[in-house]
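Naming: A, B, ... by sequence-line order, numbering from 1 per chain.
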Protein chains: 2
Amino acid sequence: MKKTKDENTEEQILEAAKNIFQSKGMDGARMQEIADKAGINKAMLHYYYRSKQLLFEAVFNNAFLLLAPQLNTVLNDDSSIEEKIKNFTTNYISFILKHPYLPNFVIQELNRNPEFILKMKENKEFPNLEKFKKQVNEEIKKGIIKPIAAEQLFINIMALNIFPFVAKPLIKAFINADDETYLQLMENRKTEVSNFIINSIKH
Amino acid sequence: MKKTKDENTEEQILEAAKNIFQSKGMDGARMQEIADKAGINKAMLHYYYRSKQLLFEAVFNNAFLLLAPQLNTVLNDDSSIEEKIKNFTTNYISFILKHPYLPNFVIQELNRNPEFILKMKENKEFPNLEKFKKQVNEEIKKGIIKPIAAEQLFINIMALNIFPFVAKPLIKAFINADDETYLQLMENRKTEVSNFIINSIKH
DNA sequence: AATTTTGTTAACCAAATGGTTAAACCATAT
DNA sequence: ATATGGTTTAACCATTTGGTTAACAAAATT
């Protein structure tokens, strides 16, 4: 059971590394802890990934590539702004409830190492605002929504959706909520947030 | 010049520690680096603060105590909801532009160690939502603002104000902005954000 | 002026940490 | 069965890191 050529050792490592890196960050993570969680010898980490840095990058890229398509929903599909916001909000919040460490991990590590995002930008799937901008300006011209800079609207959408997860401990403390209450609050936000945004911009 | 009883050595350490901790976090910070930045011997850090943990807590408490009063503006003064939102938004964004590392530092370290906030909660000045809730519900009853849960409104205000700073590298990348453009965007948000919120809730 | 207290430094220490190595293991092709 | 080549392990290594110590210098106290 042990010495079989385990095709999935590499994946077990990645899964363990994901767990440790996402909850403790690059600096807080320990190679030994990752090995323990994966149930293998520490040398294997280096055998498959060479170094802590490279293992980390593998985890980070995976995380980022999971988030990017979510954003593209808001940017590149063909429905109206109102539809987009509704869809994105419910989808994104559901998505994050399944991957609670993701946004904080990505944001934290990008702040630690801002040049990192340059590599991401080269990716074909990297979110691009052009279409969204055009659409916002059109709907403004048509009188469907009130004037607003597309960039600011985009930031607002991101903020309202992502922040409550990034700042979870802070929010729990201010609201005086236990985990269940917090979760309920996030559930409610699936409609709350889109209503809030649409109320603000709809004519 | 060297062996004078420098009354401010302790503060030099705290200032250096603030810089290093806020940009690298607890795990990424090195005692030697803090000593170097303070221009003193590493042993002094321990002489004045005993351990890395205690030095970190001194920095963290200072940071938190700087942020709390900002929030109390929105919660405990006597102006209308609309006034409060306007004041808070301009004040808070100005404040953060002067202390750019603050929000991310606090959020990051609270996520790393959520029990930490329990100590904060004991503090008399810890933000309390009660008054704000009452006021929101009154203005709803009077028909000044549309129905909304006070907690959700509070989260929205926080999100719209804080998130753009926490996620700076992400936003710069999506918007394709250099530092100057980013700064301009944040300046604009001083009015943008309050308009956005008020548009959404005002009857 | 002598002595005690406080501040400061260089040198040191033990533990932790990322990484390496040499040997063992094992499935498979020969 | 045996050689082969990827896989795995235990032991090891060099460096980093938080923390300590002993000696010394400058004030403060007597």
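- Side-chain nitrogen and oxygen atoms of A/Thr9 include at least one within less than 4.0 Å of the OP1 or OP2 phosphate oxygen of D/dT8.
- Put simply, CD on A/Glu33 is 10 Å from P on C/dG18, counting in whole angstrom units.
- Following rounding to the nearest Å, B/Asp27 (CG) and C/dA16 (C1') show an atom-to-atom distance of 14 Å.
- Put simply, A/Arg30 has no side-chain N or O that comes within less than 4.0 Å of OP1 or OP2 on C/dA16.
- Across all strands shown, A/Ala35 has no heavy atoms under 4.0 Å from either base or sugar-phosphate atoms.
- The nearest whole Å value for the distance from the CD1 atom in A/Ile13 to the C1' atom in D/dT7 is 11 Å.
- Classified by interplanar angle (parallel below 30°, tilted 30° to 60°, perpendicular above 60°), the ring pair A/Phe116/A/Phe56 is tilted.
- Phosphate proximity of D/dT8 to A/Tyr48: present, with a side-chain N or O under 4.0 Å from OP1 or OP2.
- Protein atom OH of B/Tyr47 is 18 Å distant from nucleotide atom P of D/dA23, rounded to whole Å.
- Residues A/Arg189 and A/Asn195 bring no donor and acceptor atom of their side chains to less than 3.5 Å of each other.
- Using a 4.0 Å heavy-atom criterion, one finds that B/Met44 contacts the bases of the nucleic acid, with or without backbone contacts as well.
- Between B/Phe163 and A/Phe163, the ring planes are perpendicular. Angles over 60° get that label, and only those under 30° would be called parallel.
- We find that CG of B/Leu55 is positioned 13 Å from C1' of D/dG19, with the value rounded to whole Å.
- When atom types are taken as modelled, the side chain of B/Asn111 and the backbone of A/Val166 share a donor-acceptor pair closer than 3.5 angstrom.
- Within 3.5 Å, a donor on the side chain of A/Lys42 pairs with an acceptor on the base of C/dG19, or the reverse.
- To the nearest angstrom, P of C/dT8 lies 12 Å from CG of B/Leu45.
- Counting to the nearest Å, the C1' atom of D/dT20 and the CG atom of B/Asn41 are 12 Å from each other.
- Rounded to whole Å, the distance from CD on A/Gln32 to C1' on C/dA15 is 14 Å.
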